[in-house]
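As the structure is a prediction and not an experimental result, all values here were calculated from the model. The first residue in the sequence is number 1, and the count goes up from there.
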Amino acid sequence: MQAGTAKGADVLSALQLAPATSQQIEAAIQQGQAAAASQTRALPGHHLRDALMSQLEHPRWDDVAARCLACGNCTAVCPTCFCHAEADVPALDGQSSRHERVWDSCFGEAHGHLHGSNVRPDIRSRYRQWLTHKLATWHDQFGRSGCVGCGRCIAWCPVGIDLTEEVAALTAGSQP
Ligand code: SF4
Ligand code: SF4
């Protein structure tokens, strides 16, 4: 273990731990290297904004929409997704109500309802919104990609949609 901060060092100093042996250190290094070598998926570039935003009418969006169930699993497990909805919850006595913020997903049909119409009425537009926000317009909003590369959206997609495959297909031929 290594402390990254002074507070962490305080915590570590309170633990009754023996120093790691050279074999343990070597085993830890090898485990890290094996884990890194097993991770073969990758996005085709660190900065995908222009590559993706130039492909908004790519036929691959129809292809992925035909497979996507709009279940929202990918957004539920993603550590950077933050979409929410507003709800008014009336008290049972009818005297008051509470305004609440609740988790939501951009894959839900209701999430696209604005002022009497739906800005994302089909799965194609919802998947495109999710992927282009995460990997493209997040750069405009926060100065970096919205994907930390954890792979949870791949692991939890019930139909096996893999964002690295979708991005590769969408940006093939362009230079991200
Ligand atoms: S791989 Fe990227 S998009 Fe998928 S869950 Fe992790 S951070 Fe979110
Ligand atoms: S988890 Fe898969 S099927 Fe569900 S909304 Fe995400 S991409 Fe679509």
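The CG atom of N73 lies 7.5 Å from the OG1 atom of T75; values are rounded to the nearest 0.5 Å. Separating the SG atom in C74 from the CD1 atom in I161 is a distance of 8.0 Å, to the nearest 0.5 Å. If you take CD1 on I123 and CG on L69, they are separated by 7.0 Å, rounding to the nearest 0.5 Å. Here CG of L12 is found 5.5 Å from CE of M1. Values are rounded to the nearest 0.5 Å. Taking CG of L52 as the start and CD of E166 as the end, the distance is 11.0 Å to the nearest 0.5 Å. In this structure, R144 CZ and H47 NE2 are separated by 11.0 Å, a value rounded to the nearest 0.5 Å.
Residues L48 and F142 are members of separate hydrophobic clusters, defined by side-chain heavy-atom contacts under 4.5 angstrom among Ile, Leu, Val, Met, Phe, Trp and Tyr. Cluster membership check: V159 does not share its hydrophobic cluster with W156, using side-chain heavy-atom separations under 4.5 Å among Ile, Leu, Val, Met, Phe, Trp and Tyr.
The heavy-atom pair separating S96 from D93 by the smallest distance is N-OD1, 4.1 Å. Across every non-hydrogen atom of L43 and C147, the tightest pair is CD1-SG, 4.4 Å. Nearest approach of A9 to A3, heavy atoms of both residues: N-CB, 3.4 Å. The two residues F82 and W103 make their nearest non-hydrogen contact at CA-CZ3, 3.8 Å. When all heavy atoms of V167 and T171 are compared, the pair lying nearest together is O-OG1, 2.7 Å. Pairing each heavy atom of D10 with each of S13, the nearest pair is O-OG, 2.8 Å.
Residues C83 and C106 are in side-chain contact: their nearest non-hydrogen atoms beyond the backbone lie under 4.5 Å apart. With a 4.5 Å cut-off on side-chain heavy atoms, S145 and H139 count as touching. Looking at heavy atoms from C-beta onward, L170 lies out of side-chain contact with V64 at the 4.5 angstrom threshold. Looking only at side-chain heavy atoms (C-beta outward), T137 and M53 come within less than 4.5 Å of each other.
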Quiz item: Run the side-chain contact (heavy atoms from CB on, under 4.5 Å) check on C68 and W130 step by step: do they pass?
Solution: CA-CA 12 Å; C68 175; W130 177 72; over 6 Å; no
Practice problem: Please report the C-alpha distance between C153 and K134 in whole Å, then the side-chain angles of each, then the deciding distance to 0.1 Å, and finally whether the side-chain contact (heavy atoms from CB on, under 4.5 Å) criterion is met. | Solution: CA-CA 12 Å; C153 57; K134 189 76 50 185; over 6 Å; no
Practice problem: With side-chain contact (heavy atoms from CB on, under 4.5 Å) as the test, would you mind laying out the steps for T132 and W61 before giving the verdict? | Solution: CA-CA 11 Å; T132 56; W61 299 115; 4.0 Å; yes
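With hydrogens and angles ignored, the 3.5 Å screen pairs a side-chain donor or acceptor of R126 with a backbone N or O of P121. Judged by distance alone, the side chain of R128 and the main-chain N or O of L56 form a donor-acceptor pair under 3.5 Å.
Ring pair H133/W138 is tilted by interplanar angle, where 30° to 60° counts as tilted.
Side-chain contact annotation: H99 with D88, donor-acceptor N/O pair under 3.5 Å present. A donor atom on one side chain and an acceptor atom on the other are found under 3.5 Å apart for S125 and D122.
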